[in-house]
Amino acid sequence: MILITGGAGYIGSHCVVEFAKNGLDVVIFDNLSTGHSKIVENIQSKYKNVIFQKGDLKNKSDIDLVFKQYKIDTAIHFAAYSQVAQSVIEPGMYYENNVLGTLNLLNSMVENNVLKIVFSSTAAVYGEPKYTPIDENHPKNPINPYGKTKLMIENIMNDYDKAYNLKSIRLRYFNVIGANYLENIGEWHDVETHLVPNILKSAMKSDLVFKIFGTDYPTSDGTCVRDYVDVEDLARAHKLAFEYLNRENKTNVFNLGTQNGSSVKEIYNKTVEVLGQEIPLEYVEKRQGDPAILLADATKAKTMLNWRIENTLQKSIKNAYEWEKILKNFN
Ligand code: UDP
């Protein structure tokens with residue numbers, strides 16, 4: 001069986017479906033602090049090979065119980081807090097939840113002789129880019145507590161490999177968008193800060209003006225450039241990483257992005273085009289801590305994992321829109 005921590009969250013839930021639909025048995029472990037029981041229900045209504053175990057990684061006994069109860073051979077680890085701005089305001093919460101939580105998971109894994117993990121890391125480990133596109137060897141200087149927790153965990157994993165032979169694949173994501181709305185799952189944050197859902201929410205509510213943060217970045221149209229990767233493509237990368245781990249039994253790290261940059265303005269324009277409607281727009285001050293350009297060099301994932309991007313930007317936006325319409329009925 002595969003343990004998926006944070007499987008009730010955005011990226012985790014897409015991964016659960018990816019594994020379950022390929023016939024693999026999954027145990028979701030989630031404390032539902034940011035994940036949603038409704039997402040778990042939606043998945044379980046279709047996939048009978050998915051079990052849900054509520055628990056918190058901060059309590060080691062919760063995760064110990066999972067390893068005692070089920071025969072787990074690999075962990076896919078998503079459970080973490082992931083809001084950059086919040087991590088600056090409440091760093092302790094991030095170090096405790098992300099670092100301590102992962103330490104409990106890793107210790108429990110070692111005690112139960114489960115020695116393979118795929119870890120949800122982030123481009124935030126690189127910090128301010130020294131060059132673009134960013135490859136895996138780019139210097140790692142995270143500029144916020146969120147990125148620092150993820151880098152600390154990667155370093156802990158290196159030590160656990162040396163000491164206990166625990167093999168890890170770290171997947172460093174760039175900007176994730178899209179939804180698998182046909183499975184009734186998608187992005188659902190109680191306070192939404194991300195670009196695509198914010199544009200869509202403004203499209204669906206006429207009094208909610210979408211705001212572009214900053215117009216004088218050194219980019220072609222003055223707005224920030226990011227590398228937007230589809231969540232279903234990302235989920236497939238986890239399956240490929242899992243297979244790589246089973247095949248090679250080696251620790252490794254891969255960037256996940258498309259290497260195609262889109263500016264905020266371009267994403268806005270594309271959304272207007274996909275929806276075929278005007279969306280109220282306002283230009284406002286820069287948001288603190290946003291680098292001008294973040295672009296992945298994902299050559300390694302493409303060559304070593306044989307990862308291919310299938311969903312276009314247009315498709316991801318369309319899928320995210322269909323999901324927003326479903327989500328509106330849940331709230
Ligand atoms: N952004 C924006 N308006 C919003 C949300 C985001 O202009 O309502 C911009 C943000 O400044 C950044 C880009 O969109 O340049 C992507 O932001 P997001 O929060 O989605 O991801 P991040 O790059 O912070 O991980």
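Remember, it's 1-based here, ligands and their atoms both numbered in the order they're listed. Basis for what follows: all heavy atoms, side chains included, without hydrogens, waters or symmetry-related copies.
- Other residues, nucleotides and ligands place no more than 12 heavy atoms under 6.0 Å from the NZ atom of K71.
- Of all the atoms in ligand 1, the ones that sit under 4.0 Å from a non-hydrogen atom of N175 are 16 (C), 21 (O), 22 (P), 23 (O), 25 (O).
- Checking I177, V264, T219 against atom 9 (C) of ligand 1, the nearest heavy atom belongs to V264.
- Protein heavy atom nearest atom 5 (C) of ligand 1, with residue, atom name and distance: T193 O, 3.4 Å.
- Near F210, meaning under 4.0 Å from one of its heavy atoms, ligand 1 places the atoms 3 (N), 4 (C), 8 (O).
- When heavy-atom distances to ligand 1 are checked against a 4.0 Å cut-off, Y228 comes that close only through its side chain, counted from C-beta outward.
- The environment of CD in E278 is sparse: at most 12 heavy-atom neighbours from other residues, nucleotides or ligands sit within 6.0 Å.
- Applying the 4.0 Å criterion to heavy atoms of C224 picks out, from ligand 1, the atoms 15 (O).
- Taking only nitrogen or oxygen atoms, main chain and side chain alike, L195 reaches within less than 3.5 Å of ligand 1.
- Only side-chain heavy atoms of R287 come within less than 4.0 Å of ligand 1; its backbone N, CA, C and O stay farther off.
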Query raised in the report: Yes or no on side chain to side chain contact (heavy atoms under 4.5 Å, CB included) for L195 and F210, after CA distance, side-chain angles and deciding distance?
Result: CA-CA 9 Å; L195 177 64; F210 168 66; 3.4 Å; yes

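- Screening Y173, Y244, W307, F119 for a ring pair (Phe, Tyr, Trp, His ring centres under 6.0 Å) involving H238 leaves a single residue, Y173.
- Of all protein heavy atoms, the one lying nearest to atom 8 (O) of ligand 1 is N198 ND2, 3.0 Å.
- The shortest contact between atom 2 (C) of ligand 1 and any protein heavy atom is with F213 CD1, 3.3 Å.
- The atoms of ligand 1 that sit less than 4.0 Å from any heavy atom of I212 are 7 (O).
- Here the shortest heavy-atom pairing between N137 and Y131 reads C-OH, 3.9 Å.
- From the protein, the heavy atom lying nearest to atom 3 (N) of ligand 1 is K211 O, 2.8 Å.
- A donor-acceptor pair under 3.5 Å is formed between the side chain of D62 and the backbone N or O of D56.
- Listed here is the closest heavy atom pair of I279 and S202: CG2-CB, 3.8 Å.
- For atom 11 (O) of ligand 1, the nearest protein heavy atom (residue, atom name, distance) is D290 OD2, 2.6 Å.
- Two residues are said to be in side-chain contact when any heavy atoms from C-beta on lie closer than 4.5 Å; M109 and H77 fail this criterion.
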Query raised in the report: Can you list the steps and then say if I72 with N112 is a side chain to side chain contact (heavy atoms under 4.5 Å, CB included)?
Result: CA-CA 9 Å; I72 308 287; N112 289 282; over 6 Å; no

